[in-house]
Amino acid sequence: MTAAPIDVPSAGPSPIAPDEAGISSAARALREGRLVVFPTETVYGLGASGLDAAALDRLFLAKGRPLDNPLILHVASPESARDLYRTFPDEAVRLASAFWPGPLTLVLSRDPKVPDAVTCGLDTVAVRVPSHPIARALLVAAGVPIAAPSANLSGRPSPTRVEDARADLGDRVAVYLDGGPSPLGVESTVIGLAGDAAVLLRPGGLAREAIEEVLGRKLLLPAPEEPARSPGMKYRHYAPRARVHVAPEGEILSRVAALEGAGRRVAIVASAESIARGILGRCPGAREDGEAWARMLYSLLRDLDAEGVDDIVVEEVPERGVGAAVMNRLRKAAQGG
Ligand code: TXA
Ligand code: MG
């Protein structure tokens with residue numbers, strides 16, 4: 001189920017500084033049912049008033065988001081988060097006190113006050129308490145939960161700079177708050193605690209290993225026959241216009257040669273180790289530095305698109321810590337479709 005296809009919009013309003021005046025005009029726009037782009041510690045969010053069904057409709061339309069892909073509600077405090085759930089089990093208490101505010105989203109059974117437009121009819125809701133000071137100031141000023149997917153057109157890389165969001169969403173947004181580059185650069189980790197198991201619904205900016213340490217047990221992966229447990233993960237995502245290929249270090253040059261032999265313009269994204277061995281390409285950081293790769297990934301993909309390359313060959317990184325989220329996004333970007 002997909003929303004109607006949409007054209008790229010015309011240029012929207014200029015981004016504004018997140019000072020007192022900026023925050024209060026963004027909060028007013030939200031309360032009036034309009035859309036606001038704001039920074040979080042993960043990526044930029046496209047915010048709508050989370051309990052306003054008409055504003056939520058506008059949000060799905062602006063992104064071209066499939067109507068069965070539920071939203072994350074953002075709130076200012078763990079107490080406000082608990083208010084949106086029906087129950088808050090002991091494991092949720094432990095994760096919330098260890099990681100909120102921060103890049104963790106908890107999916108639990110929902111309180112009846114949460115609109116169907118947020119959950120797409122599921123009986124669970126995803127909530128997080130962001131740590132970014134501008135997101136927090138906006139939440140306090142707005143006084144309502146803010147529903148916020150990443151501020152990209154559906155299927156495109158998430159924005160880590162305000163101009164990336166504006167390039168995608170233009171005049172569909174009333175206010176763009178400029179908070180500079182996103183500190184983490186990859187979306188929150190989504191954990192499902194609605195049943196007996198603790199499920200890793202989406203790897204993200206908080207390492208799985210850190211969550212397992214607090215829980216004292218392993219996270220499960222959603223069963224493949226249960227895509228509805230993690231609706232967003234079944235869609236092609238995070239993809240630039242250029243085709244993305246993921247390759248281990250030893251196969252980068254042969255992949256590039258084959259593509260160039262077919263007349264294509266190819267860019268390489270590789271680790272510091274590979275660059276030191278003579279591979280020419282863009283370098284987010286050392287192979288083990290998942291945080292650095294996360295910070296650079298989406299902006300690199302967008303910049304290479306702007307340069308007009310046909311293909312981007314990206315080196316595989318180890319799936320440890322935040323590196324797992326980097327590889328998850330790269331594989332999805334590479335899926336094609
Ligand atoms: O870091 C982030 O989480 C960013 C910033 C803006 O906070 N937001 C974000 O939202 O990445 P979005 O909409 O791009 O991704 C939300 C993810 C999707 O994979 C969606 O399927 C999942 O959360 N999700 C939301 N509600 C859910 C639910 N009730 N059950 C399972 N998964 C859910
Ligand atoms: Mg997204």
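Whatever order the structure lists them in is the order used to number ligands and atoms, beginning at 1. Residue indices begin at 1 and follow the sequence shown.
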Check: Taking heavy atoms and a distance under 4.0 Å, where does L71 meet ligand 1: side chain, backbone, both or neither?
Finding: backbone
Notebook entry, point to check: Can you list the ligand 1 atoms lying under 4.0 Å from a non-hydrogen atom of S188?
Noted result: 1 (O), 2 (C), 3 (O)
Notebook entry, point to check: Testing I312, V269, V246, V317 for side chain to side chain contact (heavy atoms under 4.5 Å, CB included) with L330, which one passes?
Noted result: V246
Next item on the list: Mark up the atoms of ligand 1 that fall under 4.0 Å of a heavy atom belonging to R128, in ascending order.
Entry: 1 (O), 2 (C), 3 (O), 5 (C), 7 (O)
Margin query: Show me which atoms of ligand 1 lie under 4.0 Å from any heavy atom of A126.
Written below: 25 (C), 26 (N), 27 (C)
Item checked: Ionic contact status for R302 with E163, cut-off 4.0 Å -> no
Checklist line | Polar contact flag for T40 and ligand 1 (N/O pairs, less than 3.5 Å) | finding: no
Margin query: Heavy-atom pairs closer than 4.0 Å: do any link ligand 1 to the side chain of T42, the backbone, both, or neither?
Written below: side chain
Next item on the list: May I have the step-by-step check of salt bridge (Lys or Arg N to Asp or Glu O under 4.0 Å) for R161 and D303, ending in yes or no?
Entry: CA-CA 11 Å; R161 302 170 293 206; D303 288 348; 2.9 Å; yes
Check: Are the side chains of L56 and P115 in touch, meaning some heavy atoms are under 4.5 Å apart?
Finding: yes
Next item on the list: For the Mg ion (ligand 2), decide whether S154 has an N, O or S atom at a distance under 2.8 Å.
Entry: no
Item checked: Any N or O of E187 closer than 3.5 Å to N or O of ligand 1 -> no
Next item on the list: Mark up the atoms of ligand 1 that fall under 4.0 Å of a heavy atom belonging to L122, in ascending order.
Entry: 28 (C), 29 (N), 30 (N)
Next item on the list: Using a strict 4.0 Å threshold on nitrogen-to-oxygen distance, state whether D305 and R156 make a salt bridge.
Entry: yes
Next item on the list: Before accepting this row, confirm whether a basic side-chain N of the pair D83/K113 lies closer than 4.0 Å to the acidic partner's carboxylate O.
Entry: yes
Check: So is there a nitrogen or oxygen of H74 less than 3.5 Å from a nitrogen or oxygen in ligand 1?
Finding: yes
Margin query: Tell me which one of L108, L215, L219 satisfies side chain to side chain contact (heavy atoms under 4.5 Å, CB included) with I191.
Written below: L219
Item checked: Ion pair E41/R128, N-O distance below 4.0 Å -> yes
Margin query: Please classify the H132 to ligand 1 contact at 4.0 Å (heavy-atom distances, strictly less than): side chain, backbone, both or neither.
Written below: neither
Checklist line | Test item: E315 and I279 side chains (from C-beta on) under 4.5 Å apart, heavy atoms | finding: no
Item checked: Backbone or side-chain N or O of N69 under 3.5 Å from ligand 1 N or O -> yes
Notebook entry, point to check: Out of C120, P70, P159, whose heavy atom is nearest to atom 24 (N) of ligand 1?
Noted result: P70
Next item on the list: Could you tell me which atoms of ligand 1, counted from 1 in the order shown, lie closer than 4.0 angstrom to a heavy atom of T124?
Entry: 28 (C), 29 (N), 30 (N)
Note to self: With the threshold set at under 4.0 angstrom, would you say R110 reaches ligand 1 through any of its heavy atoms?
What the structure shows: no
Notebook entry, point to check: For atom 14 (O) of ligand 1, which of S154, P39, A148, S150 has the closest heavy atom?
Noted result: S150
Notebook entry, point to check: So Y298 and Y238, would you call those rings parallel, tilted or perpendicular, with 30° and 60° as cut-offs?
Noted result: parallel
Margin query: Evaluate T105 for polar contact with ligand 1, using N/O atom pairs at a separation under 3.5 Å.
Written below: no
Checklist line | I72 to ligand 1, any heavy atom closer than 4.0 Å | finding: yes
Checklist line | Side-chain heavy-atom pair V127, I72 within 4.5 angstrom cut-off | finding: no
Checklist line | Ion pair check, R287 and E249, cut-off under 4.0 Å | finding: yes
Notebook entry, point to check: Should you measure from each heavy atom of V107, which atoms of ligand 1 turn up under 4.0 Å away?
Noted result: 28 (C), 29 (N), 30 (N)
